[in-house]
Visitor: 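My structure is below; once you've seen it, I'll send some questions.
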Protein chains: 2
Amino acid sequence: MELKRAAEGEKGFEKVFAFLRERLLAGSLKPGDRLISERELATLLGVSRPIVREALRALTVLGIVEIRDRIGTVVTRPDVSVLNDFFTFALAQQADMLDDVMQARVAIECQAIRLACERANIADFERLQRTLAKIGETIDEADAGGMADFEFHRSIVVASHSETLTVLHSSMAGLLTHSHRNRRELVQAFPSMKTYLIDDHRRIFEAVIARDPERADATLRKHFAIGDEFRRRAVVGDLDKTLDKTSASR
Amino acid sequence: MELKRAAEGEKGFEKVFAFLRERLLAGSLKPGDRLISERELATLLGVSRPIVREALRALTVLGIVEIRDRIGTVVTRPDVSVLNDFFTFALAQQADMLDDVMQARVAIECQAIRLACERANIADFERLQRTLAKIGETIDEADAGGMADFEFHRSIVVASHSETLTVLHSSMAGLLTHSHRNRRELVQAFPSMKTYLIDDHRRIFEAVIARDPERADATLRKHFAIGDEFRRRAVVGDLDKTLDKTSASR
DNA sequence: TTAGCTTACTGGTCTGACCAAGATCAGACC
DNA sequence: GGTCTGATCTTGGTCAGACCAGTAAGCTAA
């Protein structure tokens with residue numbers, strides 16, 4: 001990351017952006033700090049205000065900074081919602097990316113469940129149990145059911161007590177809400193899937209309770225694999241076969 | 001996502017941004033398309049050019065669009081490298097997050113190696129072999145050694161042929177370069193670690209070659225665990241014990 | 001037909017200005 | 001003396017118009 005030559009060769013916007021990035025990365029600008037005014041920044045760096053605003057706006061969409069009307073620009077604690085924006089755009093134009101993101105989600109969640117086995121506390125267990133119960137209660141509703149499914153998986157990641165994993169997971173999970181819903185709609189059409197959903201999640205829950213990372217990881221991984229299988233077969237309208245296969249493999 | 005009311009109530013920037021987002025998400029603006037000029041956009045939406053530029057710049061940092069000097073603004077294929085920027089900023093301000101980031105890296109890499117076992121092609125194998133050899137060659141050099149280590153791990157992720165995983169990994173790996181270097185400096189001080197480094201990486205390589213996801217994952221995971229152990233013990237100056245323990249556990 | 005020149009258009013930037021509203025502080029009032 | 005209030009300063013939000021520097025297309029001349 002070459003920030004040294006930022007002072008002269010850059011193109012105005014780059015100059016301001018690099019200037020701010022430097023302070024941000026070096027830590028001299030911390031969350032909560034208020035930046036100097038746009039005008040000051042402009043004269044300080046020898047550029048015009050519109051350019052400064054471009055840079056500030058850029059930092060804003062990156063979630064690094066927040067421009068408060070008539071107050072000033074303050075450094076914020078980086079927020080995940082940026083990733084959501086990005087993924088929304090990215091997926092809109094590249095449907096094939098969905099599978100890729102799913103892989104990342106599996107990665108995050110499997111690691112998270114391992115950590116959860118080590119770090120989960122009573123409150124985490126309770127949340128897991130609550131969301132697990134919710135899955136059972138809402139098994140017949142497409143919307144609520146999808147939400148419950150999502151909440152359960154999120155609880156796993158939260159129980160890992162890893163902020164990075166949580167952040168990554170929530171940004172991807174948002175995108176995958178649709179697939180959750182789709183799966184849930186399948187459930188309505190094929191009641192025999194209910195057992196799979198409930199039992200699978202319960203097995204995952206039990207592995208965490210047992211604080212067995214290996215089993216938890218493996219169970220969760222299998223859960224995803226089966227979900228994949230479901231979706232794949234559903235496309236070719238061959239659901240019964242899937243159900244047979246999955247129950248046989250247990 | 002409420003885009004409908006975008007036409008009037010918005011604040012200039014929001015108006016332009018929403019206008020473009022709408023087209024982007026709806027698909028009427030596809031990668032490769034050239035936007036109308038800034039001036040046209042400004043008059044079309046009833047705002048000034050600087051505002052339009054703010055919006056375009058925002059889309060630029062999101063990797064959605066590319067502003068080409070004296071050519072125009074074109075829609076690009078979403079590039080995941082934006083995440084790199086974000087993570088760089090986000091993680092720079094929370095040093096305590098480093099351990100957390102490491103967990104995410106493990107998550108990414110373990111998932112990647114599973115995919116690599118399925119998807120890796122000859123070129124990937126060759127790159128892995130090349131970087132593995134490099135680790136052996138540079139075992140006595142702190143700088144080059146750390147780089148070789150990094151390259152090997154990166155090769156694993158690249159072999160997964162998952163762009164999302166690759167980007168996530170590189171964003172985190174960059175931050176963790178220091179710890180790599182530190183480890184390497186330890187190697188200089190304790191030559192007996194050389195065997196661990198070389199053998200461990202070779203075992204990982206072999207598991208990928210064998211296309212055995214479970215073994216690859218487990219081996220890689222153990223590799224990280226041992227690295228962790230090394231660093232922990234190093235802090236309390238108890239390296240010999242570590243070496244004994246790790247060789248005994250095999 | 002083609003080489004070369006002209007010109008319209010593009011992004012990149014600056015200047016200076018105006019508005020609305022939060023922040024601040026002095027002075028008036030209790 | 002302490003509190004309230006209003007003028008003023010400052011801040012972001014925005015605009016209009018202008019200039020530069022190249023690019024690309026259109027036109028002219030060979």
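Side chains are part of it too, since the values below use all heavy atoms of this structure and drop only hydrogens, waters and symmetry mates. Here is the naming used below: chain letters follow the sequence lines, and residue numbers restart at 1 for every chain.
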Visitor: Is atom CZ of B:Arg119 surrounded by more than 12 heavy atoms (other residues, nucleotides or ligands) closer than 6.0 Å?
Guide: yes
Visitor: Give the rounded distance in Å between these two atoms: CZ of A:Arg57 and P of D:dG12.
Guide: 12 Å
Visitor: I need the CG-P distance between B:Leu56 and C:dG11, as an integer number of Å.
Guide: 8 Å
Visitor: In Watson-Crick or G-U wobble terms, both distances under 3.5 Å, what is the partner of D:dA25?
Guide: C:dT6
Visitor: What distance separates B:Leu41 CG from B:Ile51 CD1, expressed to the nearest 0.5 Å?
Guide: 12.0 Å
Visitor: In residues 31-49 of chain B, which ones come under 4.0 Å of DNA chain C, going by heavy atoms?
Guide: B:Ser37, B:Glu38, B:Arg39, B:Glu40, B:Arg49
Visitor: Which is more 5' along DNA chain C, the nucleotide nearest A:Asp69 or the one nearest A:Ile51? Just name the residue.
Guide: A:Ile51
Visitor: Can you check the B:Lys15 NZ to D:dG13 P distance for me, whole Å?
Guide: 15 Å
Visitor: Given side-chain hydrogen bond (donor to acceptor under 3.5 Å, both in side chains), test B:Glu163 with B:Thr166 step by step and report yes or no.
Guide: CA-CA 5 Å; B:Glu163 189 174 349; B:Thr166 305; over 6 Å; no
Visitor: Whole angstrom is fine here: how far is it from CZ in B:Arg53 over to C1' in C:dC14?
Guide: 12 Å
Visitor: Figure out the CZ/C1' separation between B:Arg68 and D:dA24, and round it to whole Å.
Guide: 15 Å
Visitor: Is the distance between the ring centroids of A:His201 and A:His223 less than 6.0 Å?
Guide: yes
Visitor: When you compare the side chain of B:Phe17 with that of B:Glu54, does any pair of heavy atoms fall below 4.5 Å?
Guide: no
Visitor: So does A:Thr73 get a side-chain nitrogen or oxygen closer than 4.0 Å to the phosphate oxygens (OP1/OP2) of D:dT11?
Guide: no
Visitor: Heavy atoms from C-beta onward define the side chain here; which of C:dG12, D:dA16, C:dA20 lies closest to that of B:Pro50?
Guide: D:dA16
Visitor: Does B:Phe205 have any ring-ring contact (aromatic ring centres under 6.0 Å, His included) partners at least two apart in sequence or in another chain, and if so, which?
Guide: none
Visitor: Check the distance between C:dG12's P and A:Glu54's CD and give it to me in whole angstrom.
Guide: 8 Å
Visitor: Could you tell me how far apart B:Ile67 (CD1) and C:dG12 (C1') are, to the nearest whole angstrom?
Guide: 10 Å
Visitor: Has A:Arg70 got a side-chain N or O lying under 4.0 Å from the OP1 or OP2 atom of D:dG13?
Guide: no
Visitor: To the nearest angstrom, how far is B:Glu66 atom CD from C:dG12 atom P?
Guide: 11 Å
Visitor: Heavy-atom distance under 4.5 Å between the side chains of B:Ile64 and B:Leu20, does that happen here?
Guide: no
